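Presented below is the structure to which this report refers.
Note that the coordinates shown come from a computational prediction; the quantities given were computed from them, not determined experimentally. When a ligand or atom number is given, it counts from 1 through the structure's own listing order.
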Amino acid sequence: MASESIPHGAHITVRVPAKVNLFLSVRGIREDGYHELTTVLQTVGVFDELRVSLAGPPGRGQHPAARRHMRLELAHDDIAGLPVASENLAVRAGLALARSAGVIDGAPHEREDGPRTVLELDKAIPVAGGMAGGSADAAAALVALNELWDCALPRERLKELGADLGSDVPFCVVGGTALATGRGTALAQVLCRGEFTWLALLDDEPLSTAAVYREWDDRCAPSEVEPDAVLQALRARDPEALGAALHNDLEAAAFALRPDLAERKRLLLDAGAFGAVLSGSGPTLLGLAADPAHAREIAARLPLGTGRTVIATSPAGGPELRREVGGER
Ligand code: C5P
């Protein structure tokens, strides 16, 4: 429950990593319309940062009773394709947490300067790129606001709230390396030794996850591929074996919608990547390298105009919380 332990001006920052799917097999369609998956997820070192703070008239604005009608306000740089206001997954996560923990229990007040929580989002994870950018922001909001509002909900409960917001949110709440089944929300952490280096090939044209799954329905059959080779390569710290084992059943569907992606995957392999795979439902493609120097070599060998690349290592932990206190009480 909310308390008054946060002084006026306090803010909390959470840095949250992107995710990649090292393995994804689609086992079939579920009764709820989602697809049954077996997938291996890992966080990768491309980070969004979310800063949350309380605002409003000193005293009144910080009082839990006043907060029951507060607004959630979102601020971010103008980024193409990023959902705004209450459509943004971070705001939706904040509202879900506020309602579940009883922090907000009424309609938001009308006053401009009334009590509010401000969410400031600094994005580096590509929007609609298949790297769980929106889900990472939702996870960051759950973790940050759980602290700011003193809800004291356990991570397990945050994962449950996250599952209602999106299939990748529970994983983003914990991070690390996980084997997921069901919709992608039933998680078990798996062993990963060492670090892996990726060259992410970004794409400016977003690809809708729902559209990729619909395409899978039209053209693909349930798969029985198992993730054993990926899990073994992670345990053995073996990038070449991992490169050979990378697998994503959504590639056939995404490549049917965007044939240029198949070509871009080929370019990563021709440039010397140990393996290449579509990240989630795309359109980001990932090439696996031996180390950052190798990743730079691969990037340099890509034909001019292939697109923007980012080098990042995995796993990248989970949401990282920083509590900062400023201003007067
Ligand atoms: O769960 P999330 O909101 O991220 O999913 C976006 C869309 O992707 C869903 O509306 C659904 O069409 C599809 N999806 C699916 N099966 C999954 C995950 C996602 O069909 N396991």
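The heavy atom nearest to atom 4 (O) of ligand 1, considering only S167, S135, A138, is found in S167.
Relative ring orientation between F274 and H294 is described as tilted, the plane-to-plane angle lying within the 30° to 60° band.
Within the 4.5 Å cutoff, the side chain of T181 has no heavy atoms near those of the L37 side chain. Using a 4.5 Å heavy-atom threshold, the side chains of L278 and E251 count as touching. Inter-residue side-chain proximity for Q42 and C192 is flagged as met; some heavy-atom pair is nearer than 4.5 Å. Side-chain contact between L41 and V20 is absent, with no heavy atoms from C-beta onward closer than 4.5 Å.
Given atom 19 (C) of ligand 1, the protein heavy atom at minimum distance is Y213 CE1, 3.5 Å. Ranking the protein heavy atoms by distance from atom 9 (C) of ligand 1 puts Y34 CE2, 4.0 Å first. In this structure, atom 3 (O) of ligand 1 lies nearest to the protein heavy atom G166 CA, 4.0 Å. Atom 10 (O) of ligand 1 has as its closest protein heavy atom A210 CB, 4.4 Å.
Within a 6.0 Å sphere centred on CZ of R266, other residues, nucleotides and ligands contribute 12 heavy atoms or fewer.
Within ligand 1, counting atoms from 1 as listed, the ones closer than 4.0 Å to a heavy atom of H35 are 15 (C), 16 (N), 17 (C), 20 (O), 21 (N). Each of the following atoms of ligand 1 lies closer than 4.0 Å to a heavy atom of L37: 21 (N). Ligand 1 places these atoms under 4.0 Å from at least one heavy atom of R183: 1 (O), 17 (C), 21 (N).
The closest approach between any non-hydrogen atom of T209 and ligand 1 is below 4.0 Å.
No option in L82, N88, V84 other than N88 meets the side-chain contact (heavy atoms from CB on, under 4.5 Å) test with L74.
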